[in-house]
Structure formats: C-alpha cells, structure tokens
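Atom set for the values below is all heavy atoms of this structure, side chains included, hydrogens, waters and symmetry mates excluded.
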Amino acid sequence: MKNIYMKLLRLPALLAVVLGMSSCLEKLPGDFILEEDGMKTFEDAEQILTGIYTSYMSGALYSGYLTLCPDIQADLVYAVQGNTNTYGTLWQWDIRSTNSEIEGVYAALYRVIGRCNFYLDKVGALRESLTDDDEIRYLDYYTGEVYCARALAYSELLKCFCKAYDPATAADELGVVLADTYFGEKPAVRASLYDSYQFVISDLEMAEKMLDEENDYYNAEYFTNAAAHAIHARTALYMQDWDAAIEHAGILIESGTFALASARSYYTSNQTYLDYLWTNDSSFENIWRIGYTVTSYGAAQGSVFLNFTTDYTYYYPDYVPAQWVLDLYGAGDGRYNAYFAQAQTGYSHQLTWPLLVKYFGNESLMANLIYHVNMPKPLRLAEQYLIRAEAYCRKGNYSAASADLTALSESRHTNSGGISVTASNWLETISDERVRELYMEGFRLHDLKRWGKGFERTPQAKTQTEGNDLKITADNPLFVWPIPNHEVSAPGSQIQPNESNR
C-alpha cells in the first residue's frame, strides 16, 4: 500500500459550491455528481473523496474563519485604528446568530459531513460490485479516510458550538445535529454532548482500523492512521479522558515518523527548520496539512495581519499581537522571529509594531504573486506534545509533563529552553506554552472555555477604542458560538438554540 495516494494525486480538484441560506444540513454532494448515478464505479469514489478534501480548502475553515476567529475573539490581538473592521464584531464580542463568519463555519463543516455521508451510504454496495482486489483494497483505505474526515468536522463543530465537555454533565448538555446519513429524512435535533463526542470517537476508531500505519508520513495531504490518532488525542483531551489523550499522543510522539522542527538547525543558508515550516509549509512535524498548488488554494489567512496588497508598499494590519503575548517569548526562542517581524505600518498614525508574519505566505505561491496564503497545518506534532503534557499534569505526573514540555521548548530555542511544572504552576505554564506555540492557529478561545477562564484586555497604543478594554468573565455565553439563525428557524427544524443565540 506504499503508493496508495498516487491515483489521488492525479485527480483534478473539484470546484467549490456557493451555499444559499437554507439549512446547512441540506447541503449535500449533489453539486458534483448526480444522486442517482452516484458512486457506481471506483473512479466515482475517488472523485467524491477528492471533493471532501477540496471542501477542507474552504476559506470558512482552516485557511480562514475556523482558524482566525477564535483567536481574534479572545485576548491575543488588538484591532488597529483605521482597520477595515474585518472580524470586528467578533473582536468586540458583538456576536449574533446572523454573523456571516459563524454561518460560514457551520455550513462548511456540514458540507464536509454531507459529502462523507454520501460516500459512506454508497460504499457498501460499490464494494460488493468490485472484483479487482487492488480496487477493493484502495476503496477500504479511502473509507478510512472518510471516517477520519467526518470525525474531524464533527469535532470542530463541538469545539465551536457546544459547551466545554464535563463527564459529569455531558449527557444532559446539548451537542450537535448528528446527520449520519445522506439519504432519508430525519428530524434536525441536537444529540446530547455525550452522544456527539461518542460519535466522533466511533468514527476515529473506524479510521484507525482501516488506515494502515505503514502509510503514515510527514506532510501528508490525505488522512492517515497518524491523523486519526492526532484527532483522537485532541478529542480525548477535550473530553477529560486523560489516559486516552496520553495514549494517542504518545503513539505519534514515539512513532519515529515525525520530528519537531528545530530552531537550532538550518534547512537553508538563512532559514532554520522552524522557519521553513512556516515559509514553505513543509516539515517532519506536519501530520496533516491541506495541500495547495498555484491553481488550487484556499483563502489568504495572513491578510488581516499584513494587508500588504493594499498598495504593495506598506502594511496595513487590521490586528496586531497583544503586548503580553510578545512578552511571553524569552531570549533564544526561535518562534519569535518565525512568527513576528517589526515594521512600520502605512497608517497615518505610523504605528510601528511586531507584526504577525507566521502567515506571510508560502514562498512558492508568492513567486506566482499569490500573497499571504499558507497551507493550513491543522495537525502538528507540537500540539501532541502539549496535549500529552497537559494530560500528564491532570494525572499528577509532573515529571513526565516537564519532559514533554522541555522536548518541545528545546526544539524551539537556541539555548537550553528547559521547562519544569509543579502542582502549583502547571496550568499557567501549559497555557503560556500553548500561546507561544499555537498562536493564531485557532485554539485560544476553546482553551479558555474548557479551563473556565475569562480575560481582560489592557488598552494598547493606536488601537481601536471599542473593544480594547474588554473584560470577559468565564461564564460569558459567547464562549459558545450561537447556532446560525437560519438553522434554528428553518421550516421543520427542531434545533435548539444556544444561550448565545440572539
């Protein structure tokens, strides 16, 4: 099965479909293949699988809203005076059920789920009709990828639109609508949070069985056994299943297939391996990335931090890093230079500040005048170290947690970079290290929610007055995004709103 992806690599990308405003649960894959003719051949299955991967390129997901909005809503950035007001309602916590970004995330994730359901409903009959052993083997592997794709989409819906998971109350809390089949009419009703998470775990277990670990490789652009374990570790952490989080993260850390990108060694004459991870989106650290080409790519997630294309002379960032974030990076931390660069903006107030250049742009794409576009890297080994360290802390194994944090820190520092945690400082230490490592990758809001922590912004120079002194308590209902209004109010819908719906 070494070359199982070669056929997919030759398939053309499918065009994305513009969604209307009817229920997202109705947005299924009839846009690229007729239902009555769907998935009758092995080639049809390949095409549908390609469509699932193409759906993940959406600017509403990892190349845009799903990555940026949770961190902009939290305490990591400040809106600059004169900004374009992109994501402005999120930054000011004036969030409503008609917010276009939230609608976009919800719709895009259910679009992925719809395409997965179509495939899974059809694959049994197709498999029975095949006589070629190689095609059956490939089809089984593809099916594992689809289970993984669906699990990831549901896990993201749970992060954004549901409360933090508490094992004691999860059976009584609202989860998501589990649309688990393409065909047939089912009432649109939210399952419990417990049942929703169990659905994700079930899909991941299917993926882990069907995806051969011999096909795990770094920079994978398709779901692998390693990707399933990475999602499983993250989901287990969110479920407070510390043993499972340690187990699945450990599989990846100890596998030898992946390695942390070093700030101590140089890949090119002027770029460390850590630098190269962000300038070229390539690293032994990448468990799963979304592959782009010059003719097929997602949104420009770096625009709001740079806006260089305004006049191709100056930067006009909508948002700049919070000072407290910049202060977290100590001497010798290679992430600071990989993520930030001092620059004077083009605004009349001439703000000079360390701007976020983490998403400055993939060098190959920029060579083709495609700016501020990077391949999203939703699953990286660094996160797995952080997951296992936190789970170890929850179990009181601070020495093991310290070892994991030290391994990550030493890869990022030009000096020793050792980290030690204790019963009294572990949460603050983990929180700070997750900010240093995962800055603007879409984790902060959800971390604060599951830790039960609020935040307060302290005004920064030349930032927008509205929102720069915001104080948010841990019980604020907007930590949970509202269910889009058109879902709640759609004819026949029984979807219960969140407390944040208004």
Side-chain angles (χ1 to χ4, degrees), residues 164-168 201 213 216 218 226 228-265 273-274 277 283-287 324-325 327-336 379-439 441 443-444 446-453:
Y165 190 97
D166 181 344
I201 296 298
E213 64 184 16
D216 289 347
Y218 63 91
H229 284 297
I231 302 165
H232 203 150
R234 183 191 292 168
T235 303
L237 182 75
Y238 284 26
M239 293 177 69
Q240 302 182 26
D241 186 347
W242 317 126
D243 289 331
I246 290 168
E247 175 192 354
H248 290 278
I251 288 171
L252 300 169
I253 292 169
E254 311 300 337
S255 70
T257 303
F258 309 98
L260 293 168
S262 174
R264 299 169 179 251
S265 303
Y273 280 87
L274 178 60
L277 167 62
S283 175
F284 294 113
E285 183 171 316
N286 290 329
I287 298 169
W324 75 267
V325 171
D327 292 342
L328 286 179
Y329 296 88
D333 193 331
R335 288 171 295 198
Y336 188 90
L379 302 175
R380 294 195 290 119
L381 188 64
E383 185 201 355
Q384 299 302 308
Y385 275 91
L386 291 165
I387 287 170
R388 192 169 74 169
E390 183 174 343
Y392 275 140
C393 288
R394 296 287 189 177
K395 291 179 67 66
N397 191 345
Y398 302 111
S399 61
S402 297
D404 277 346
L405 292 171
T406 294
L408 175 59
S409 184
E410 286 184 342
S411 75
R412 301 316 201 216
H413 283 75
T414 56
N415 50 29
S416 62
I419 294 179
S420 178
V421 291
T422 65
S424 62
N425 74 358
W426 74 264
L427 182 55
E428 181 182 0
T429 303
I430 292 281
S431 175
D432 288 349
E433 192 62 14
R434 284 181 69 88
V435 171
R436 292 187 193 100
E437 180 61 40
L438 303 174
Y439 184 77
E441 293 183 51
F443 291 96
R444 181 63 173 172
H446 310 305
D447 283 346
L448 292 173
K449 178 173 68 175
R450 63 190 181 85
W451 292 332
K453 296 176 67 175

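Y238 pairs by the ring-ring contact (aromatic ring centres under 6.0 Å, His included) definition with nothing, not counting sequence neighbours. Listed by chain and number, the residues in a side-chain hydrogen bond (donor to acceptor under 3.5 Å, both in side chains) with R394 amount to none (sequence neighbours excluded). Shown here are the salt bridge (Lys or Arg N to Asp or Glu O under 4.0 Å) partners of D243, two or more places apart in sequence or in another chain: K395. Partners of T257 under the side-chain hydrogen bond (donor to acceptor under 3.5 Å, both in side chains) rule, at least two apart in sequence or in another chain, do not exist in this structure. Evaluation of the side-chain hydrogen bond (donor to acceptor under 3.5 Å, both in side chains) rule for H446 yields no partner, not counting sequence neighbours. Scored by the side chain to side chain contact (heavy atoms under 4.5 Å, CB included) test, A236 finds D241, A244, A245 as partners (sequence neighbours excluded). Judged as a side chain to side chain contact (heavy atoms under 4.5 Å, CB included), and not counting sequence neighbours, the contacts of S265 are S262, Y273. When the salt bridge (Lys or Arg N to Asp or Glu O under 4.0 Å) test is applied to D216, no partner is found at least two apart in sequence or on another chain. Scored by the side chain to side chain contact (heavy atoms under 4.5 Å, CB included) test, A400 finds Y392, N397 as partners (sequence neighbours excluded). Checked against side-chain hydrogen bond (donor to acceptor under 3.5 Å, both in side chains), D166 has no partners two or more places apart in sequence or in another chain.
Here salt bridge (Lys or Arg N to Asp or Glu O under 4.0 Å) pairs that include residues 415-425, with residues two or more places apart or in two chains, number zero. Residue pairs meeting the salt bridge (Lys or Arg N to Asp or Glu O under 4.0 Å) criterion with at least one member in residues 401-424, sequence neighbours excluded, are E285-R412, R388-D404, R412-E437.
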